[in-house]
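Read the structure below first, then the notes.
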Amino acid sequence: MTEYIPHTPEDIKKMLSAIGLQSLEALFSDIPEEVRRRYRPLGLPRGDEAGVRRHLEGLAERSTGRGLIPFLGGGIYDHFVPAVVDYVVSLPEFYTAYTPYQPEVSQGTLTWMFEYQTMICELTGMEVANSSMYDGATALAEAVLMAHRTVGGRRVLVPRSLNPQVREVLATYAWGAGLELLDVPYSEEGKLALEGIPDELCALVVQQPNFFGVIEDLSGLKERIGKAFLIVYVNPIALAVLEPPGSFGADVVVGEGQVLGNPMGFGGPLLGIFATRGEYLRRMPGRLAGRTVDAEGRPGYVMAFQTREQHIRRERATSNICTNSALCALAATVYLAALGPEGLRQVALASMERAHELADRISSLPGYELAFSGPFFNEFAVRCAHPEEAVARLREAGIAVLSPKLVAKAGLEGAFLVAVTEKRTQEELSRFVEALKGGR
Amino acid sequence: MGTIYELGAPGRRGTSLPPLGRPEEEILSFIPEGLRRKAPPWLPEVSQPELVRHYTRLSRMNYGVDTGFYPLGSCTMKYNPKLHEELARLPGFSGLHPLLPEEDVQGALGVLWELSQYLKGIAGMPGITLQPAAGAHGELTGMLLFKRYFEDRGELEKRRKILLPDSAHGTNPASATMAGFKVVSIPSDDRGMVDLSALKAALGEDVAGIMLTVPNTLGIFEEDILEITQLVHEAGGLCYFDGANLNAYLGRARPGDMGADVFHFNLHKTFSTPHGGGGPGAGPLAVSEPLVPYLPVPQIVRKGDRYALDWDRPKSIGRVHPYLGNFLVIVKALAYILLLGDEGLREVSAGAVLAANYLKERLKKTYKLPYDRLCKHEFVLSGAGLGEGIRTLDIAKRLIDYGFHPPTIYFPLIVKEALMIEPTETEPKEVLDAFCQAMEKIAREAKESPELLREAPHNAPVRRLDEARAVRQPILREPRT
């Protein structure tokens, strides 16, 4: 028996006897004999704790990327995570619980969900936020589906400067729902270049800052698209210094919340942020915590508006989502609480400062220039004659950037993308510049 | 219950950060004036000790698997091994960026490839994707595979219907709808299984397929499973299997051998990864041969001792995850399978089904058991008829007083006042006995002092909460003061 299963032969005997069966095999007599006969084992011997640890440690060691300095972003960023975050998400009553279906024994989860919703509303400038989606990409896809359900229309304007991975997920969902994605080009500055507004439009998507790191001007967009949804896909760290999309009339704000206290984790699990206007409360996907009172009139929290959800509404639900990204949202809650408004602003400012310093130093090197002239946050595209060679030299110096091949997915050829967080040191910035100087 | 917003004071902070190299205004000048944030977001300002005490206090108002028995039906709340938490935090996993080149992430691709091989073996199916982030995400992906398959065969226009037993999880109809299908409900017969004659009547050229949960949500194995899948296939349809209940036959039977075309795993159920207060999970998807070409891109392939990503799959539905799936969850599931081995996998299903039948036999003496037959990893009682005006909700809340997490209630919908109980394999017999005693005591209380139930819980951080009020007078965030 493995260490996770407590039944002794004596226990098994007693339990079988209470059931009135002779053997464990008899418990499976209802599975057609033919099906049981076809079973083929994996050929996997029983392991032990030390051996399993050794095997997984071996795999963890094998990824040479673990030693590289990540000047690599493209949607996932290497921000500093205070120790209190992992302390809290490791508290067993948090991480070994499930969805708070029974609120009286889930006040811990429901209270932090309520705190998280408050923080996301504050960051985005929206009126209501759910307690998480799987990731930014599916949050965006769900926002587009919600726009379609709300305003009708089968067309969605999607910038070429949207993160390509996110766009690929959106394209899969859009095909499933019979929606059409139309490209919006970017200008020489790297900004959204919205031209005509097509008919049958249900949403305009804008990424803030966009895939190239460029800060978009959101003013006037909502006015141009009328009743169609303005959906803004954000980096929540940037919202410490950028005017929130809510101020520009956004209907839904979504984004990738990994940056808020979650590890890069090879891209998962992630945290989908989803916030909208109060009038769309009943149309939004995902779980919501709400404040109420108990039988003695004391405040407490429950899951609210569950009638939107699949376990009640079934095929008429606002989404199929059930399991979400709760623990990642708890990490975000603790991260934002630990930083406070000043700390979050400092993370944003330090990232932006270092990014601009590095960008200045790179663009002063002969043969290198920034691909766009627009204002940027903590990420920028560098153009040069032989970007693959430049990336290889950086790699030799122990530095990772986003490859020209991945940048080209957003239509920009001959460039690599550089992201800088507050974790990058002066020494690392210098190493970057020296590596580029190393050759032409 | 105070939130963190009620703590702290202006100027306090919970962590420290490196200083800026130049004045703030200079850095802010990189942002055009109209786009700079005017008012800061309202966030807590607390010191680190305050923060830690607040969340420690909140955690103590929660009930987790590490607290005690959590027989939440359909959710497989088994023990979460502690080894896994350490492994997922190895820097070579947690600190790895997903967009590094393939040659720099060989170990991570190895993790994905190894788990893929084991899951294909467990399912008895030739294709897999690890991208779906949860079970429902797997369902949607599966429905999109159905859609692409029929689109490719030129049959999508006519095959618009998905058949669903009336005992199905709510995610099933919601997922089918998101992929553009119409849902048709198939009734259960008096055995609690799919009514074959109703199925036959519903099948036709307009049917894309069926979504089945095996065993079903009553915990009953569909004895006619081979006939069901054969009928669907003969009608040109496909069979989706919801794998939420895999714990019932792990290591003993394979969905591929039962006629499944798509099968989703819930790594957070069957494979012991923690539920996290609602997530994250992972919902890998195994598929039959005809559906392999449509799987999401990229696929992970092995060439000699190297792993690579295969994007050249022209019939693929595309991506459903921005990267390669919930990797850190996948690490934990791999560790679990490696520790169990074939023998351990069989012990899991044996232990889970043994515990469920043991509880069922004991509890059916006190509670109504609408479908009285061999069950698999879970079973469904009815709380009806216990006492004047007593509802299942009252029983659930009273269980809290006895130190147990309540079962799933009011699901499946085909049982009145349902109590869906899933003990899992990780509970000692003593705990199962104590749970039975509490349930028996509650049944007595329902007759002798029903107010004890109606007013329960008495022994919880809060008394019964007014859920209707949270909708009538919605407060969904801390009001700004």
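Only this structure's heavy atoms are used, side chains among them; waters, hydrogens and symmetry mates stay out. It should be emphasised that the depicted structure is a prediction, and the values quoted were computed from it without experimental measurement. Residue numbers begin at 1 in each chain, while the letters A, B, ... track the order of the sequences.
Proximity to chain B (any heavy atom under 4.5 Å) is shown, for A/Tyr4, by both the backbone and the side chain. There is no contact between A/Pro70 and chain B, counting heavy-atom distances below 4.5 Å. For chain A, the nearby parts of B/Leu20 are the backbone and the side chain; heavy atoms of each come within less than 4.5 Å. For A/Ser106, the parts sitting under 4.5 Å from any heavy atom of chain B are the backbone and the side chain alike. For chain B, the nearby part of A/Glu34 is the side chain; its heavy atoms alone come within less than 4.5 Å. In this structure, chain B has heavy atoms under 4.5 Å from both the backbone and the side chain of A/Ile19. Residue A/Asp135 touches chain B through its side chain alone, counting heavy-atom pairs closer than 4.5 Å. Heavy atoms closer than 4.5 Å to chain B are found nowhere in A/Ala171, neither backbone nor side chain. Using a 4.5 Å cut-off between heavy atoms, A/Leu349 contacts chain B through both its backbone and its side chain.
The most heavy-atom pairs under 4.5 Å with chain A, out of B/Lys78, B/Arg22, B/Glu343, B/Arg13, come from B/Arg22. Contacts with chain B were tallied for A/Gln102, A/Glu104, A/Glu168; A/Glu104 has the most, counting heavy-atom pairs under 4.5 Å. Between chain A and the options B/Met258, B/Gln48, B/His321, heavy-atom pairs under 4.5 Å are most frequent for B/His321. Among A/Pro263, A/Gly340, A/Gly265, A/Gly290, the residue with the largest count of heavy-atom pairs under 4.5 Å with chain B is A/Gly265. Counting heavy-atom pairs closer than 4.5 Å to chain B, the top-ranked of the candidates A/Thr2, A/Leu91, A/Val302, A/Val241 is A/Val241. Looking only at heavy-atom pairs under 4.5 Å with chain B, the residue among A/Val84, A/Ile215, A/Ile312 that has the most is A/Val84. The greatest number of non-hydrogen atom pairs below 4.5 Å with chain B, out of A/Gly20, A/Pro82, A/Gly51, is found for A/Pro82. Highest contact tally toward chain A, considering only B/Arg373, B/Arg89, B/His268, is held by B/Arg89 [criterion: heavy-atom pairs under 4.5 Å]. Between chain A and the residues B/Ile220, B/Val183, B/Leu99, the largest count of heavy-atom pairs under 4.5 Å involves B/Leu99. Of the residues considered (B/Val46, B/Leu328, B/Thr177), B/Leu328 shows the highest number of contacts with chain A, using heavy-atom pairs under 4.5 Å. When each of B/Met178, B/Arg60, B/Glu223 is scored by its heavy-atom pairs under 4.5 Å with chain A, the top score falls to B/Met178. With chain B as the partner, the residue from A/Thr307, A/Val334, A/Ile31 showing the most heavy-atom pairs under 4.5 Å is A/Ile31.
Separating the CG atom in B/Leu345 from the CZ atom in A/Arg46 is a distance of 9.5 Å, to the nearest 0.5 Å.
Looking at A/Glu243, its side chain does come within 3.5 Å of a backbone N or O of B/Lys38 through a donor-acceptor pair. Although no hydrogens or angles enter the test, the distance criterion places no donor-acceptor pair under 3.5 Å between the side chain of B/Glu478 and the main chain of A/Phe114. Proximity of a side-chain donor or acceptor of A/Thr96 to a complementary backbone N or O of B/Asp66 within less than 3.5 Å is detected. Checked by atom type and distance alone, the side chain of B/Asn62 pairs as donor or acceptor with a backbone atom of A/Glu93 at under 3.5 Å. Formation of a donor-acceptor pair under 3.5 Å by the A/Thr323 side chain with backbone atoms of B/Ala134 is not found in this model. Although no hydrogens or angles enter the test, the distance criterion places no donor-acceptor pair under 3.5 Å between the side chain of B/His137 and the main chain of A/Ile321. B/Arg37 places a side-chain N or O within donor-acceptor distance of the main-chain N or O of A/Leu239, the cut-off being under 3.5 Å. The closest donor-acceptor contact from the side chain of A/Glu315 to the backbone of B/Pro173 lies at 3.5 Å or more, if one exists at all. A side-chain donor-acceptor contact under 3.5 Å links A/Asp294 to the backbone of B/Arg463. Here the side chain of A/Ser63 pairs a donor or acceptor atom with the backbone of B/Ala108 at under 3.5 angstrom.
Ring geometry, A/Tyr98 versus B/His275: the interplanar angle exceeds 60°, so the pair is classed perpendicular (tilted spans 30 to 60°).
B/Thr171 and A/Cys322 make their closest contact through CG2-CB, 3.8 Å (heavy atoms, listed as atom of the first residue, atom of the second, distance). Summarising the geometry of A/Gly300 relative to B/Leu465, their closest heavy-atom pair is CA-CD2, 3.8 Å, with the distance given to 0.1 Å. For B/Leu338 against A/Leu56, the heavy-atom pair with the smallest separation is CD1-CD2, 3.7 Å.
The side-chain heavy atoms of A/Leu327 and B/Pro280, taken from C-beta on, include a pair separated by under 4.5 Å.
At a cut-off of 3.5 Å, with distance as the only test, a side-chain donor of A/Glu115 or B/Tyr55 sits close to an acceptor on the other residue. A donor-acceptor contact under 3.5 angstrom links the side chains of B/Asp104 and A/Thr64, judged on distance only.
Scanning for salt bridge (charged side-chain N to carboxylate O under 4.0 Å, His left out) contacts around A/Arg66 gives A/Glu61, with sequence neighbours left out. Applying the salt bridge (charged side-chain N to carboxylate O under 4.0 Å, His left out) criterion to B/Glu455, with sequence neighbours excluded, gives no partner residue.
No close placement of the A/His311 and B/Phe411 rings is indicated, their centers lying 6.0 Å or farther apart.
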